[in-house]
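Index from 1, following the sequence. In what follows, every heavy atom counts, from backbone to side chain, and hydrogens, waters and symmetry copies are set aside.
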Amino acid sequence: MALSELAPLVGAELRRLAAGYLRNQPPGHTWQPTDLVNELWLRLLGRGELTFQNRGHFLGTAAHLMRVMVIDHARARCAAKRTPEELPGAGSEFAALLALTDQRAAELVALDDR
């Protein structure tokens, strides 16, 4: 079965999985569940011919890829950190929010490194 045929059959379940991965993200996280699912499809399509044994195999692979994508996104946020003074219009409330977001991203990276 081609990915284009698979999309309508598992779309709702993929969005549910994505929502679960993004549920505990810090405030200001830039992805919504639909964004994560769309990125997942792009990655799957970029891999060429894929073969899955069954629905469970596909969903397990998709769940693993989504987890990796969320962690990669957190790593990129950590790598691209800037001090609050460098951000335009940064006030003390914004700086505090940014610090919480960066701390959560660092925790995700540390969790994956275990």
Asker: Would you indicate whether the side-chain heavy atoms of Met69 and Tyr21 approach each other to under 4.5 Å?
Answerer: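 In short, these two side chains do not touch, never coming nearer than 4.5 Å.
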
Asker: What's the separation between atom CG in Leu17 and atom CG in Leu65, rounded to the nearest 0.5 Å?
Answerer: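 The CG atom of Leu65 is 12.0 Å from CG of Leu17, to the nearest 0.5 Å.
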
Asker: What are the two closest heavy atoms between Pro33 and Ala18, and how far apart are they?
Answerer: O-CB, 3.6 Å

Asker: What residues form a side-chain contact (heavy atoms from CB on, under 4.5 Å) with Asn38, not counting sequence neighbours?
Answerer: Thr34

Asker: Partners of Arg55 by side-chain contact (heavy atoms from CB on, under 4.5 Å), sequence neighbours excluded?
Answerer: Val10, Glu13, Leu59

Asker: What distance separates Asp72 CG from Arg67 CZ, expressed to the nearest 0.5 Å?
Answerer: 10.5 Å

Asker: Parallel, tilted or perpendicular, judged at 30° and 60°: which one describes the rings of Phe58 and Phe52?
Answerer: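 Ring orientation of Phe58 relative to Phe52: perpendicular.
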
Asker: Quick one: CG on Leu40 to CG on Leu45, what's the gap to the nearest 0.5 Å?
Answerer: 9.0 Å

Asker: Nearest 0.5 angstrom please: Leu22 CG to Arg15 CZ, how far?
Answerer: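 One finds 13.5 Å between CG of Leu22 and CZ of Arg15.
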
